[in-house]
Amino acid sequence: MQPTLFPMEPQSKPQPARSASQISRKALNEAQYEAVTTVSGPVLVIAGAGSGKTRTLVYRLAHLVEQGVPPEQILLLTFTRKAAQEMLHRASLLLDDSCRRVMGGTFHATANLLLRRYCRHLGYAANFTIIDQSDAEGIVNLLKSSLNLGGENKRFPSKRVVISILSKSVNKGLGIEELVEAEYGHFHDFADDLQTIALHYKRFKLEHSLMDYDDLLVNWRRILEEFPEVHTELANRFSHIMVDEYQDTNPIQAAIVRLMAAKHNNVMVVGDDSQSIYSFRGADFRNIMEFPSLFPDTRLIRLEENYRSTQKILDLTNAIIEKAQEKYTKTLFTNITGGEKPVVYGARDEATQARYVAEKIVALHKAGEPLDEMAVLFRSGFHSYKLELELTHRQIEFDKRGGLKLNELAHNKDVISYLRVVANPHDHLSWNRLLLQLDKVGPKTAQNILSRVKSAEDPLAALREYPAGKTWKEGLADLLEMLEALRQSGMSMGQMFERIMDYYEPIFERLYHDDYPRRRRDLDEFGRVMGGYVELQSFLDDASLDPPQAGALEPDGGKRLVLSTIHSAKGLEWDTVFIINLAEGRFPSAQAVLPAHREEERRLLYVAATRARKQLYLVYPQEVMSYDSSAAAGGPSPFLQELPHALTQSPSPAAWQSQSSAYGGGQEERPDYSIPPLKSASSASPSGSSSAPSIKLGNRVRHPFFGEGVVEKVVSPKSLEVLFARHGKKTLHLDYAKLELVQ
DNA sequence: TGAGACGCTGTTTTT
DNA sequence: CAGCGTCTCA
């Protein structure tokens, strides 16, 4: 996360082609070669998982430059900034450093750079602040109270839902009313209020020079659509455009691509409809299929040979996607033979699952597998907590990706707010946060102060004149003094951090008195990241657009195991992949009830499983505890149950012996539970296998966690559907669940 | 009007 | 378990 502004400036003269490399021909298969060398006109590449998509993009990049296309005229849009940099790096190895001058990054980061330059056309000052989702939610909160909405009504959508509705409305180009009717029927009564909030939200952002993620895209499109001279300038500037992960773009991004390519029409997009996993961000996998209608005479190229996984893994992933309701046929094949069938393992609970995975990793590592060639993937950030404990105990180093970001921690947000106010004094969202930190200042006072300085040219100066209450006069003066000091240029980012901490430290300790020592470490880490920047604005931009992972110090070169959400694992691959918590209620996520959402969850599993080169483990706990240690869910995910049995194997009992757990080893083992794979090996807990007397339809049964229930359905000789009084309907497998008949 | 205590609820994924 | 809203007291 170094400051990486991509050069926008001079266009260099065409580079003479370096030695005509035959690189491409040999290193590429026929379809890849065609994709690399088709440099004019629109091209759509449907690239199956592991089909050498990145390789193709990298070679094409090098090929273009080699053909004499000035790197500055190439625009590479990727899903993460890291992906762009990785590709530019690899292209520069193939050819030379000129590849580095290609303009590349995410849609959002590129929008940011362009808008800093052109946003004045839209009435925005160039020092606008980019806000993240929680900032956006903060605005909704402010509006809710100032507009007196939702107050007493408990059913009013939460700020989170409000923002997702507003965002969807923007991304899908639907009116609030329309959208609410279509997708949020239960909020029908609030459609008007939502409309009001939407209006004020928009106004608030404009008045205070704030842009959210959607604004970056929408405003990029607007300057292209509404300002022909800007459109011409930009469309002329980029002669070649490439877009990666096109299946995860939304209609706005599609429009941007169309407009940016309007002059030269040399645009290649790459993607895989089976791997579309961002519909919550407005993406629609059908977008990729519509590309040819956006660009007539599109050349369609399919990459279908998989170079990543063994046939045994591919058989399973094909089976996963085979079940998809809607799919565009694409047959993946590989020439990689051998390997093991994917392993399916039902652990008793999360602790056992963590232990199993950790022990397996240790064993594989001992057998020579480098730690960084293994990864553990999961649906949601918190799914790995137990495993993190286990790994920490065993001193296995890991990197966690996805989940909490450094800039999402409240105390780091505080620090960001000071800087934001310096960069953009009209940012009332940040002002509000800072004012609330003053002792004796609450929401009312903060609003009063802000409404008075609203129209001031220089809010800082205006505040100094403000008739402060005597209880908080001093606090305000200190704050202003600190901000004034930051505003004087000449301070390095490191010095700014020091100055902020001088002021903030006592406030910080008061605010977070229970655990400020722990939080202090995050702040120091944050300060170090900040110290790496030269420019305040680029630090703030990156803090929103490319936030560093919490707890992940910059890589020290040591090889580490990777823990990652599936979303953050997109595009990556490892020898060995564990997918954990593949359990009912967790994956697919319990929230995914609509068919379309469940379909996306299935694609998510597909993405996860196709990350594996040699070995794949699918693991789930029989019981999942929720935070208050009641049973919440558990048992194999429906996705697992529908997979053909022949494609997977159970772990051999000898493969891992239950040693004393690193944590909770002494915990009373609940005698009712046997560890499934060991059960047949008779080492199961004593009373475990005595369960499952013949249970019939209509019987009352007792389950150790779910309590009492009635058998509703006998699915198979070994599995039942039981309706529990307190936990609803569960499907239980008699080999795993200990059920007692209740007389 | 602000601060702090208490009790209820709901819990993805990311730019 | 945190992040709400609600309630009470200063």
Side-chain angles (χ1 to χ4, degrees), chain A residues 77-83 105-112 130-137 141 144-145 150-156 158-161 164 167 171 211-217 245 248-250 252-253 276-283 377-383 385 401-405 407-408 410 435-448 469 471-472 510-511 513-515 541-547 549 564-570 581 585-593 597 600-601 603-605 607-608 624-629 632-633:
Chain A
L77 294 168
T78 55
F79 206 71
T80 63
R81 188 176 287 199
K82 216 169 155 189
T106 61
F107 274 89
H108 294 86
T110 307
N112 178 39
I130 302 169
I131 60 171
D132 64 22
Q133 182 167 328
S134 72
D135 298 320
E137 290 171 0
N141 261 358
K144 255 166 82 173
S145 63
E152 65 271 25
N153 201 326
K154 282 200 159 92
R155 312 220 134 271
F156 200 83
S158 67
K159 59 182 182 175
R160 185 201 201 112
V161 174
S164 75
S167 173
N171 282 308
M211 284 200 205
D212 64 20
Y213 295 127
D214 296 333
D215 290 326
L216 290 171
L217 301 181
E245 310 279 13
D248 284 317
T249 55
N250 64 34
I252 299 175
Q253 290 166 312
S276 168
I277 55 176
Y278 277 90
S279 70
F280 62 92
R281 239 166 71 177
L377 308 183
F378 31 85
R379 175 66 179 84
S380 311
F382 70 90
H383 288 173
Y385 289 167
R401 313 204 180 144
L404 204 61
K405 299 291 194 303
N407 61 328
E408 285 167 343
L435 293 174
L436 286 177
Q437 291 173 354
L438 300 175
D439 206 5
K440 306 297 171 200
V441 174
K444 273 263 151 48
T445 312
Q447 278 314 300
N448 283 340
T471 43
W472 45 272
R510 173 167 57 83
L511 250 36
H513 47 83
D514 339 320
D515 62 346
D541 289 349
D542 277 3
S544 294
L545 293 175
D546 191 17
Q549 196 70 59
S564 176
T565 60
I566 297 169
H567 284 90
S568 299
K570 182 160 133 163
N581 274 310
R586 294 212 140 173
F587 194 174
S589 159
Q591 275 93 239
V593 284
H597 292 162
E600 178 147 317
E601 299 282 314
R603 292 193 295 270
L604 203 47
L605 176 60
V607 169
V624 172
M625 306 289 202
S626 74
Y627 47 83
D628 62 352
S629 63

To the nearest angstrom, the CD-C1' distance between A/Q591 and B/dT9 comes to 13 Å
A/N448 CG - B/dG2 C1' separation (whole Å): 13 Å
Would you check if A/N171 and A/I252 make a side-chain contact, meaning some heavy-atom pair closer than 4.5 Å? yes
Donor-acceptor under 3.5 Å ([X] side chain, [Y] main chain):
| X | Y | answer |
| --- | --- | --- |
| A/D546 | A/D542 | no |
| A/S544 | A/I130 | yes |
| A/E245 | A/T78 | no |
| A/E601 | A/A592 | no |
| A/H597 | A/Q591 | no |
| A/R510 | A/Q437 | yes |

Extract from the structure each pairing of a protein N or O with an N or O of nucleotides 3-5 of chain B at less than 3.5 Å, listing the distance.
| unit_1 | atom_1 | unit_2 | atom_2 | d |
| --- | --- | --- | --- | --- |
| B/dA3 | OP1 | A/D439 | OD1 | 3.2 |
| B/dA3 | OP1 | A/K440 | N | 2.8 |

Taking all atoms of both residues into account, what is the closest heavy-atom pair of A/L216 and A/M211, and its distance? CD2-SD, 4.2 Å
Mind checking if A/K159 touches a base, just sugar-phosphate, or nothing, with heavy atoms under 4.0 Å?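 Touches sugar-phosphate only.
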Give every pair of a protein N or O atom and an N or O atom of nucleotides 13-15 of chain B that lie under 3.5 Å apart, one pair per line with the distance.
| unit_1 | atom_1 | unit_2 | atom_2 | d |
| --- | --- | --- | --- | --- |
| B/dT13 | OP1 | A/G381 | N | 2.6 |
| B/dT13 | O4' | A/R379 | NH1 | 3.3 |
| B/dT13 | O2 | A/R379 | NH2 | 3.2 |
| B/dT13 | O2 | A/H567 | NE2 | 3.4 |
| B/dT14 | OP1 | A/T565 | OG1 | 3.1 |
| B/dT14 | OP1 | A/S568 | OG | 2.9 |
| B/dT14 | O4 | A/Q133 | OE1 | 3.2 |
| B/dT15 | O4' | A/R281 | NH1 | 3.2 |
| B/dT15 | O2 | A/H108 | NE2 | 3.3 |

Set out, line by line, the N/O atom pairs under 3.5 Å between protein and nucleotides 7-10 of chain C.
none

Once the angle between the rings of A/Y278 and A/F79 is folded into 0 to 90°, is it parallel (under 30°), tilted (30 to 60°) or perpendicular (over 60°)?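 Tilted, since the angle between the ring planes falls between 30° and 60°.
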Salt-bridged, A/D132 to A/K405, with N to O below 4.0 Å? no
